[in-house]
Number of protein chains: 2
Amino acid sequence: MSTDATVPVRTYVEQNSAGFVEDLKDWLRIPSVSADPDRAGDVRESAEWLAAKLRATGFPTVEVWETAGGAGLPAVFAEWPSGDPDAPTVAVYGHHDVQPATPLELWENPPFDPSVRDGKLYARGASDDKGQLFFHVLGVRAHLAATGRSAPAVNLKLIAEGEEESGSPNFAQLLRERAERLACDVVVVSDTGMWDRATPSTVTGMRGMIGAQIDVHGPSGDVHSGSFGGAIPNPLTELVHLLAGLHDGDRRVTLPGFYDGIVELSDRERRLFAELPFDEAAWLRNAKSAAAVGEAGYSTLERVWARPTAEINGIWGGHTGPGPKTIIPAEAHAKLSFRLVAGQDPAQVRKALETWLAERMPAYLKYELTFEGGGVFPCLTPLDHPALQSVTRALGRAFAEDPDGEHRRILYTREGGSGPEADLQEVLDAPVVFLGTSLPDDGWHAPNEKVDVAGLLKGAEAAAYLWEDLAGNK
Amino acid sequence: MSTDATVPVRTYVEQNSAGFVEDLKDWLRIPSVSADPDRAGDVRESAEWLAAKLRATGFPTVEVWETAGGAGLPAVFAEWPSGDPDAPTVAVYGHHDVQPATPLELWENPPFDPSVRDGKLYARGASDDKGQLFFHVLGVRAHLAATGRSAPAVNLKLIAEGEEESGSPNFAQLLRERAERLACDVVVVSDTGMWDRATPSTVTGMRGMIGAQIDVHGPSGDVHSGSFGGAIPNPLTELVHLLAGLHDGDRRVTLPGFYDGIVELSDRERRLFAELPFDEAAWLRNAKSAAAVGEAGYSTLERVWARPTAEINGIWGGHTGPGPKTIIPAEAHAKLSFRLVAGQDPAQVRKALETWLAERMPAYLKYELTFEGGGVFPCLTPLDHPALQSVTRALGRAFAEDPDGEHRRILYTREGGSGPEADLQEVLDAPVVFLGTSLPDDGWHAPNEKVDVAGLLKGAEAAAYLWEDLAGNK
């Protein structure tokens with residue numbers, strides 16, 4: 001299907017950059033804030049805008065998908081078959097909803113009135129995630145222009161969520177309901193970034209999570225600590241004893257079997273992590289903390305990216321107001337969350353916590369252990385996975401001085417947080433790779449969110465190379 | 001100064017019981033609720049009522065004393081010198097303010113409209129503490145009638161506080177300011193009770209207390225537990241580790257030197273405690289608890305009466321609302337209180353906690369340790385103290401079938417709580433003994449507070465015997 005009248009990807013992207021930015025600005029003017037019920041109409045308009053644009057780009061199938069929650073925050077699905085029977089199928093994930101823009105007074109330009117200054121596009125959603133989702137529209141056009149194809153070299157699917165900034169409450173169910181339509185060989189997530197402007201990189205995994213709450217019951221009501229103190233169980237004292245046992249002296253989590261079967265860091269990955277220009281002082285400023293501490297034997301980046309944790313997110317019980325109140329309180333509560341890494345299953349950690357607590361809780365105490373849903377799976381694509389190698393080559397080409405010459409070196413990062421990406425891996429049973437070019441200083445969720453226009457163009461370029469690469473044309 | 005026209009104490013008390021009850025009902029009609037600013041005038045009226053009654057009883061010196069707080073909740077002081085140069089000086093302590101009476105709808109008779117039913121006088125303050133303070137008025141009259149004296153055999157002082165139910169905020173200062181006027185050889189506190197109706201007893205001591213708050217600082221603001229979890233200190237985790245170390249495996253407090261110099265229970269006292277008809281199941285119902293646990297090697301009563309404790313009264317930090325919030329919180333807080341026994345000094349425990357915390361707090365954490373005032377001293381009068389032996393004999397006589405025949409056996413209890421009694425011991429440098437006949441089911445601080453009229457008459461009788469006994473006439 002190729003013709004001779006091709007234009008190199010980079011050339012095509014550069015020639016079409018002005019229109020790309022103008023289109024993106026149009027989309028950014030729609031305040032698709034999913035957390036604001038008054039903006040539900042805007043989220044829908046954003047979905048319709050994207051759907052129209054995808055149709056105009058050439059996607060033969062474009063649908064607006066309602067989710068189960070009934071909030072009217074639809075997703076957009078698009079599909080463009082390759083036509084080649086052997087072509088792999090790729091599903092691109094991103095989201096078209098945005099964070100709230102408050103506090104408005106801190107913005108230099110109104111958050112939904114996009115403005116380009118010094119090569120940076122300022123608007124809510126410019127980087128997270130409309131800009132990064134939209135570079136795929138330019139990318140697929142560049143891919144067709146460069147290959148002379150009338151359809152992509154891969155079967156290209158795209159799913160743009162409308163509830164990501166509200167915690168993706170209905171996304172896993174949507175995936176399960178539409179799993180057949182979304183079936184693919186690889187998921188390409190465009191909702192993350194690179195290490196920094198000088199260090200192009202890609203994410204290889206995210207941590208999973210499961211949240212729990214422990215409620216310990218002491219006396220059936222608060223009692224006087226003078227009359228009874230020293231002779232009955234104090235649920236706060238019992239709870240701190242339990243929680244203090246969650247970690248051993250090496251700050252490893254003590255749940256039975258917690259580390260069994262986890263994917264350990266390879267020597268190569270540790271070496272590559274160590275090559276990242278990590279500035280611990282700057283990292284600590286972001287962490288608002290004075291010291292880095294954690295599991296013995298691991299660096300700070302290894303701890304947040306590749307090691308599971310048990311964190312206490314909140315504790316409460318007894319008298320918490322001003323002044324003294326000498327009681328033994330009726331109840332003690334704690335909220336916990338466990339970050340999980342590849343090889344861990346939220347359901348197994350749930351069972352381990354149940355067992356651990358049942359074994360350690362004194363028989364004279366009643367308690368409840370509840371979980372925040374079923375948890376989020378971790379996801380990880382190994383460095384030697386062909387799809388990740390394709391992403392690496394595509395990024396290396398996009399960030400190279402000459403895309404057909406020597407490739408730029410691409411490093412690897414991970415995300416310490418947890419997100420719907422894991423559901424993609426889990427439900428679609430496909431490896432997840434990450435193609436994102438945003439930068440740590442883009443100000444996600446903050447006033448004056450921006451994106452480097454050059455970064456979005458590199459993203460479009462990388463996407464175009466990636467479809468070629470995944471189809472076997474390297 | 002004695003005459004032949006004497007009347008035995010018991011006879012006098014019985015002959016004057018009707019008038020005693022009518023007078024007490026008059027006083028109970030004054031709603032002297034110290035916690036209610038709108039009742040300040042009633043507290044003052046209560047003081048004036050008592051002052052007038054003491055004057056009418058024969059006390060040559062009666063004064064209404066203002067306290068430093070300016071709330072207009074005065075104390076009453078009265079003094080009646082013996083005239084004998086060798087007579088010991090006794091200071092009786094009680095309080096004329098009362099607890100709030102809410103919830104009013106649970107009272108069978110209005111709380112300030114006293115009612116006698118089945119030999120029990122129902123009213124707020126009937127037992128705590130107007131009734132027990134007022135039996136001294138009848139007691140001293142019985143003492144004079146029985147001895148034929150025109151002045152007591154002891155130099156009798158009486159101090160009736162007006163802020164006890166509000167935590168005695170100004171009492172220690174009042175004592176210090178008036179220490180010379182209140183100077184005495186022994187303090188007789190009439191604000192406690194007996195074991196039960198069938199087991200007359202006296203209190204020998206109360207626990208002291210010091211309260212503290214620990215504030216641990218983590219990140220300078222809440223941070224995301226995905227991005228940073230596992231690599232920075234979590235102040236909640238650090239706090240629970242610290243607090244879990246407050247007790248060892250025997251539930252003994254680990255502060256350095258915490259147990260040094262404390263007055264251990266004697267074998268005799270343990271035997272006498274064990275003679276009390278203690279019903280652990282009933283005690284646990286009062287404690288609203290399913291199990292009795294505490295320091296290894298001690299019984300439940302020993303734990304609450306004679307052993308010091310460290311209790312966590314409250315903890316808070318991080319996310320405490322509904323649902324998950326995956327943060328590492330900026331702060332963690334705990335309120336602690338330590339109950340102290342004889343031989344412990346609140347200031348020493350304060351220093352021990354400071355040292356303990358400084359030694360255990362990791363260097364990377366900032367924290368504050370603050371104390372709730374200077375604490376309350378414990379007080380204890382040993383079983384072999386002559387004043388306590390006098391109280392034992394006086395009670396034994398009052399509760400005997402024939403006051404001049406064989407005495408009733410009197411047992412000993414203590415109070416696990418802490419109160420202004422310790423200030424009396426500390427400031428006046430005098431032993432404190434307890435003469436109270438109220439009962440555990442009198443409903444202190446609860447609706448339908450009552451007192452057995454017969455118990456108040458026994459209190460009056462015991463007071464009369466006590467003044468004789470302390471003066472050397474046994």
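By convention in this document, chain letters (A, B, ...) are assigned in the order of the sequence lines, proteins followed by strands, and residues within each chain are numbered from 1. Here the structure is a predicted model, which is why all the values come from computation and not from measurement. Below, all heavy atoms of this structure are taken into account, side chains as well, without hydrogens, waters or symmetry copies.
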Non-hydrogen atoms of chain B under 4.5 Å away: do they reach the side chain of [X], the backbone, both or neither?
X: A/V223; result: side chain
X: A/K325; result: backbone
X: A/H224; result: side chain

A/F273: ring pair (Phe, Tyr, Trp, His ring centres under 6.0 Å) partners, not counting sequence neighbours
A/W305
Select one option (side chain, backbone, both, neither) describing which atoms of [X] are under 4.5 Å from chain A's heavy atoms.
X: B/E238; value: side chain
X: B/P329; value: side chain
X: B/R307; value: neither
X: B/E372; value: side chain

Contacts with chain B made by residues 209-218 of chain A (heavy-atom distance under 4.5 Å), listed by residue number:
A/M209, A/G218
Below 4.5 Å, heavy-atom pairs only: which of B/G318, B/P362, B/A310, B/S225 has the largest tally toward chain A?
B/S225
Ring centers of B/W356, B/F258 separated by less than 6.0 Å:
no
Ignoring hydrogens and geometry beyond distance, is a side-chain donor-acceptor pair present between B/E280 and B/T300 at under 3.5 Å?
yes
